[in-house]
Enquirer: 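Take a look at the following structure, please.
Both counts, for ligands and for their atoms, begin at 1 and track the order of listing. When a residue number appears, it is its place in the shown sequence, counting from 1.
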Amino acid sequence: MTKISPNHPRYKSLMIREKLVEGFREGYVVAQGLIAHGRGECFDYLIGEDTIPPAIKSIKAAAAALLLAKYPVISVNGNAAALVPEEIVKLAKLTNAKIEVNLFHRTRERELKISNVLKSYGADEVLGIQEELTTIPEIFSDRRIVSVKGIYIADVVLVPLEDGDRTEALRKLGKTVITIDLNPLSRTSRAANITIVDNIVRAVPKLIEEVNNLKNSTPEELRNILKGYDNNEVLKEVLKHILDRLYILSKDLSTIS
Ligand code: ATP
Ligand code: MG
């Protein structure tokens with residue numbers, strides 16, 4: 001691993017890159033995943049590399065949806081496994097969710113490697129590998145392949161860093177889709193029921209915190225959180241946040257931290 005000084009102004013961001021590069025060298029992050037991360041980083045710069053108020057709303061709604069779910073599933077790809085493996089396992093245990101590997105660039109080798117990474121952090125079971133698989137309609141990549149014990153029968157799916165096609169297909173199947181995506185304009189962000197516009201490395205720990213805060217709430221209280229949630233409004237608030245921030249910066253660049 002490249003040595004990076006903690007005093008470097010972009011230390012955090014560089015450390016995230018190092019994790020992805022490590023996953024790439026180990027053969028479970030694909031080159032396309034590195035590029036997708038770059039798109040995310042650009043939006044992170046625009047929002048200010050912090051969890052912004054609209055994301056906090058989405059995190060609360062996501063926690064409520066996961067706690068209300070009968071059969072929640074967390075879908076994991078190479079980037080998610082490289083960036084937040086421990087947190088994914090923790091969140092799955094807390095919410096009684098299944099973990100399923102689901103890859104756009106699918107190979108047996110990558111599936112097994114991702115499963116092993118998650119197991120090394122304590123996952124008891126990782127779906128999408130050995131058990132019976134099936135396909136969901138209207139997706140033209142390998143991501144259409146899902147586990148009959150996982151996404152296929154799930155009512156709520158958390159699909160971080162997802163592709164737009166698949167989000168739309170999962171919605172058509174009647175699933176509640178929660179995503180984590182730094183780009184508020186992506187098809188995924190617009191098609192999901194709940195979009196957390198935040199970096200996955202900040203969002204998942206905060207989601208765990210929120211699940212812990214809400215876990216003793218009544219179903220009624222959780223349903224009320226969801227009733228008051230409007231994803232389009234949240235996406236508009238994110239864009240407004242970016243606009244306001246850029247407006248302030250356009251007056252005085254020294255306000256950037
Ligand atoms: P869509 O298919 O939804 O229209 P896209 O084709 O632009 O989006 P994909 O490569 O399919 O993008 O999905 C990756 C998404 O993940 C991107 O929108 C990117 O902004 C986002 N992303 C990348 N890295 C991170 C990260 N660390 N945290 C959160 N989001 C991220
Ligand atoms: Mg896409």
Enquirer: Check Glu111 with Arg106, please: is the shortest side-chain N to carboxylate O separation under 4.0 Å?
Expert: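 Salt bridge present between Arg106 and Glu111.
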Enquirer: Is any side-chain N of the basic residue among Lys12 and Glu49 closer than 4.0 Å to the acidic one's carboxylate O?
Expert: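 Salt bridge: no.
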Enquirer: What atoms of ligand 1 come within less than 4.0 Å of a heavy atom belonging to His37?
Expert: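 With His37 as reference, the close atoms of ligand 1 come out as 23 (C), 24 (N), 27 (N).
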Enquirer: Are any of the side-chain nitrogens in Arg223 or Glu220 under 4.0 Å away from the carboxylate oxygens of its partner?
Expert: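 Salt bridge: yes.
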Enquirer: Any salt bridge linking Asp50 with Arg202? Criterion: basic side-chain nitrogen under 4.0 Å from a carboxylate oxygen.
Expert: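 So Asp50 does not pair with Arg202 through a salt bridge.
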Enquirer: Can you tell me which residue and heavy atom of the protein come closest to atom 25 (C) of ligand 1, and the distance to 0.1 Å?
Expert: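 Looking only at protein heavy atoms, the one closest to atom 25 (C) of ligand 1 is Leu161 CD2, 3.5 Å.
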Enquirer: Side chain, backbone, both or neither: which part of Glu162 has a heavy atom under 4.0 Å from ligand 1?
Expert: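 Under 4.0 Å from ligand 1, Glu162 contributes backbone atoms alone.
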Enquirer: So is Leu182 polar-close to ligand 1, meaning N/O to N/O under 3.5 Å?
Expert: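 Such a contact does occur with ligand 1.
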Enquirer: Quick one, Ser186 with Asp181, criterion side-chain hydrogen bond (donor to acceptor under 3.5 Å, both in side chains). Give me CA distance, side-chain angles, the key distance, then yes/no.
Expert: CA-CA 8 Å; Ser186 73; Asp181 190 332; 2.8 Å; yes
Enquirer: Output yes when Arg187 and Asp163 qualify as a salt bridge under the 4.0 Å nitrogen-oxygen rule, no when they do not.
Expert: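 A salt bridge links Arg187 with Asp163.
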Enquirer: What is the closest protein heavy atom to atom 8 (O) of ligand 1, and at what distance does it sit?
Expert: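 Of the protein heavy atoms, Ser186 CB, 3.7 Å lies nearest.
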Enquirer: Looking only at N, O or S atoms, which one in Asp163 sits nearest to the Mg ion (ligand 2)?
Expert: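 Atom name returned: OD1.
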Enquirer: Using a 4.0 Å heavy-atom threshold (strictly under), name the region of Asp198 that reaches ligand 1: side chain, backbone, both or neither.
Expert: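 Within the 4.0 Å criterion, Asp198 contacts ligand 1 through backbone atoms alone.
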Enquirer: Output yes when Glu22 and Arg25 qualify as a salt bridge under the 4.0 Å nitrogen-oxygen rule, no when they do not.
Expert: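 No.
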Enquirer: Can you sort out which atoms of ligand 1 are near Asn183, meaning under 4.0 Å from one of its heavy atoms?
Expert: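 Contacts of ligand 1 toward Asn183, numbered from 1: 18 (O), 20 (O).
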Enquirer: Looking only at protein heavy atoms, which one is nearest to atom 6 (O) of ligand 1, and what is the separation?
Expert: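 Looking at atom 6 (O) of ligand 1, the protein heavy atom closest to it is Arg39 NH1, 3.8 Å.
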Enquirer: For Asp165 and ligand 1, does the shortest N/O to N/O distance drop below 3.5 Å?
Expert: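 So ligand 1 has no N or O lying under 3.5 Å from an N or O of Asp165.
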Enquirer: Report yes if Ile200 has an N/O atom closer than 3.5 Å to an N/O atom of ligand 1; otherwise report no.
Expert: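 In this structure, Ile200 places an N or O atom under 3.5 Å from an N or O of ligand 1.
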Enquirer: Donor-acceptor pair, distance only, cut-off 3.5 Å: does the side chain of Arg171 make one with the backbone of Val177?
Expert: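 No.
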Enquirer: Would you indicate whether the side-chain heavy atoms of His8 and Leu14 approach each other to under 4.5 Å?
Expert: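 In contact.
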Enquirer: Is there a polar contact, in the sense of an N or O pair closer than 3.5 Å, between Gly164 and ligand 1?
Expert: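 There is such a contact, yes.
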Enquirer: Got a donor-acceptor contact below 3.5 angstrom from the His241 side chain to the Ile47 backbone?
Expert: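 Flag set: sc His241 to bb Ile47 pair under 3.5 Å.
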Enquirer: Report the nearest protein non-hydrogen atom to atom 11 (O) of ligand 1: residue, atom name, distance rounded to 0.1 Å.
Expert: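 Result for atom 11 (O) of ligand 1: Asp163 OD1, 3.2 Å.
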Enquirer: To the nearest 0.1 Å, how far is atom 27 (N) of ligand 1 from its closest protein heavy atom, and which atom is that?
Expert: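 Of every protein heavy atom, Asn199 OD1, 3.0 Å lies nearest to atom 27 (N) of ligand 1.
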Enquirer: Which protein heavy atom lies closest to atom 10 (O) of ligand 1, and at what distance to 0.1 Å?
Expert: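 The protein heavy atom lying closest is Ala36 CB, 3.8 Å.
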Enquirer: Between Ser189 and ligand 1, is there a nitrogen or oxygen pair with a distance under 3.5 Å?
Expert: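 For ligand 1, there is no N or O atom that lies under 3.5 Å from one belonging to Ser189.
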Enquirer: If you count the atoms of ligand 1 from 1 in the order shown, which ones are under 4.0 Å from a heavy atom of Thr188?
Expert: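 That gives atoms 1 (P), 3 (O) of ligand 1.
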Enquirer: Among all protein heavy atoms, pick the one closest to atom 19 (C) of ligand 1 and tell me residue, atom and distance.
Expert: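 So the nearest neighbour among protein heavy atoms is Asp181 OD1, 3.7 Å.
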Enquirer: Is it the case that Lys215 and Asn212 place a side-chain donor and acceptor less than 3.5 Å from each other?
Expert: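 Side chains of Lys215 and Asn212: pair found under 3.5 Å.
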